[in-house]
Amino acid sequence: MGAPQYDVVVVGSGFGGVAAARRLARSDKSVLMISSVAQYLFQPLLYQVATGVLDADTVSPAAADSVDTKIDVVEGTVTAIDPDAHSVTYTGADREQQAGYSSLIAATGASQSYFGHDEYAHRTFSLKTREDAVALREQLVRNFARPDDRSASSYVVVGAGATGVELAGEIAGLARRHQRADVSITLVEGVGEVLPVFGGRLSRYAKKTLEAAGVDVVLKSLVTDIDDGVVTVDIEKGAATRRIASDTVIWAAGVSASPFAAVLAEATGCDTDRAGRLLVNPDLTVGGYADIYAIGDMTSLKGYPGQSPVAMQEGRHAADTITRKIGPGTPFRYFDKGSMSIIGRGKAVLQGPVGPGISGLPAWGAWLAVHLYYLSGVGNRIDAIGRWFGAYGANRRPALTAAQRAQEREPERVAG
């Protein structure tokens, strides 16, 4: 029996892949989505899972439930592609399988980059997957159970982009309002601004807000070593060195393309940048193949930011090209709707495509509204609203409380 044939194979179930699949569902194309995870992960809200604001299920619904039922969805990892035979090989259900395609959309995202220090992966926490968020939440619970341990009460967040800023601000608020705990939080950033994508007044506002919450913001600084529970920070090219004892180092700096990018690059001859991202053509096609598209964080095009709006717009562009809603070879053009980042309860920054941007409560409300809109599933949106009211209005975090109770019962299970 030959491999099943599809009009389109979509590899990945992130923002770009799901956007493409949803668009293709409007056509008569047969579509297979292959994803290494079974969920459609809403990555920008993972930090709220880690800090007990949201439940993990709320931000990671099943991928099959996030697209039309006419889309076939399988869990598997694509290990090879034959662009001339129009087929992909993937491992799933404990065996190797193949699928044929007329067009392929690669949307496998990015993984964490440690700038040549891969050993840091085992010494730090990251926030790329559902499992990462749950692991960090469990670490927070362990730390709060040891209030007199200085290393347990010390947090180092590396990278002052959106993820780093949101985590640092939320941990500060969690410790102060929910746990009544005294903690030390150090946010390390290599350049001279917090949230450098914003710059100017909004970056200064973010830094001031974090410092008011008790976060030590260290700019123009690089982490040079993480070993034995101690983080070494080089400040301003050797002007000073700090050593910080911490049981919890959170790495939120740098990304590299997913492993499938290398597979695709080798098979198609597509060039890559230093981070392994595919240097796609202006129409999002890969190398000399007009039937293979790559989108999102695994690609580099015109300096577009590695953000979900870019991936979603690229996914829809690729789908529209395949269905001939737009002509083959049409260059992709990103419509920048602006950027936003939350810093803490009632505190956020928002920069629209034009104008000076806003900060404070209006930006915070806009942030909540936009993320609620893009969250998949009516039930998940209702759940998020309830949990946001509970966390920010009534200081309740059921997910964190449940994790604390589970850890309290752990010695009893071991003893039994």
Side-chain angles (χ1 to χ4, degrees), residues 4 6-27 29-46 49 54 56-79 81 88-93 97-99 101 103-112 126-134 255 257-261 263-264 277-278 284 286 292-299 306-319 322 371 374-377 379-381:
Y6 290 87
D7 292 321
V8 187
V9 168
V10 179
V11 184
S13 63
F15 287 108
V18 168
R22 287 174 173 174
R23 193 74 141 210
L24 289 165
R26 302 178 184 179
S27 70
K29 301 291 186 182
S30 59
V31 181
L32 171 66
M33 174 181 283
I34 306 172
S35 177
S36 59
V37 295
Q39 311 101 22
Y40 170 38
L41 185 64
F42 198 95
Q43 200 172 79
L45 290 177
L46 279 179
V49 175
L54 295 178
D57 290 341
T58 303
V59 305
S60 57
D65 295 337
S66 302
V67 295
D68 194 280
T69 55
K70 66 188 293 186
I71 306 294
D72 290 342
V73 180
V74 298
E75 185 175 355
T77 301
V78 177
T79 57
I81 176 174
V88 293
T89 302
Y90 65 97
T91 54
Q97 302 180 69
Q98 288 188 323
Y101 65 84
S103 297
L104 181 136
I105 301 175
T108 53
S111 55
Q112 200 73 61
S126 60
L127 211 57
K128 288 293 185 183
T129 68
R130 171 188 169 125
E131 291 73 23
D132 289 342
V134 172
V255 296
S258 64
F260 182 59
V263 173
L264 196 55
R277 296 177 298 181
L278 298 167
L284 305 179
V286 176
I292 300 177
Y293 303 81
I295 62 176
D297 291 350
M298 69 184 298
T299 70
Q307 297 175 349
S308 55
V310 178
M312 289 188 289
Q313 290 182 35
E314 289 180 336
R316 290 189 284 266
H317 180 93
I322 291 169
H371 285 72
Y374 283 109
L375 192 60
S376 181
N380 289 330
R381 292 170 188 159

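- The salt bridge (Lys or Arg N to Asp or Glu O under 4.0 Å) contacts involving residues 8-23 comprise R23-D320, where partners must be two or more places apart or lie in separate chains.
- Among T89, L264, V11, the single residue meeting the side chain to side chain contact (heavy atoms under 4.5 Å, CB included) criterion with I81 is L264.
- With rounding to the nearest 0.5 Å, the separation of OH in Y40 from OG in S66 is 7.0 Å.
- Here the CG atom belonging to L104 is positioned 10.5 Å from the OH atom belonging to Y293, to the nearest 0.5 angstrom.
- Closest non-hydrogen pair, S103 versus I322, comes out as CB-CD1, 3.7 Å.
- Atom CG of L127 and atom CD of Q112 lie 9.0 Å apart (nearest 0.5 Å).
- Among residue pairs with one or both ends in residues 57-66, those qualifying as salt bridge (Lys or Arg N to Asp or Glu O under 4.0 Å) are D57-R130; sequence neighbours excluded.
- For the pair V18/M33, a side-chain contact is recorded, criterion being any heavy-atom separation below 4.5 Å from C-beta on.
- Heavy atoms only, all atoms of each residue included: L284 and H317 are closest at CD1-CD2, 3.8 Å.
- Closest heavy-atom contact between A20 and I105: CB-CD1, 3.9 Å.
- Counting all heavy atoms, side chain and backbone alike, M298 lies closest to G109 at CB-O, 3.4 Å.
- With hydrogens and angles left out, the side-chain atoms of N380 and T58 include no donor and acceptor closer than 3.5 Å.
- To the nearest 0.5 Å, atoms CD1 (I34) and CD (E75) are separated by 12.0 Å.
- Heavy atoms only, all atoms of each residue included: A110 and D297 are closest at CB-CB, 3.6 Å.
- Atoms CD and CZ, from Q313 and F15 in turn, are 13.5 Å apart once rounded to the nearest 0.5 Å.
- Taken from CG in L46 to OG1 in T129, the straight-line distance is 7.0 Å, to the nearest 0.5 Å.
- In this structure, S27 and K70 approach most closely via the heavy-atom pair O-NZ, 2.7 Å.
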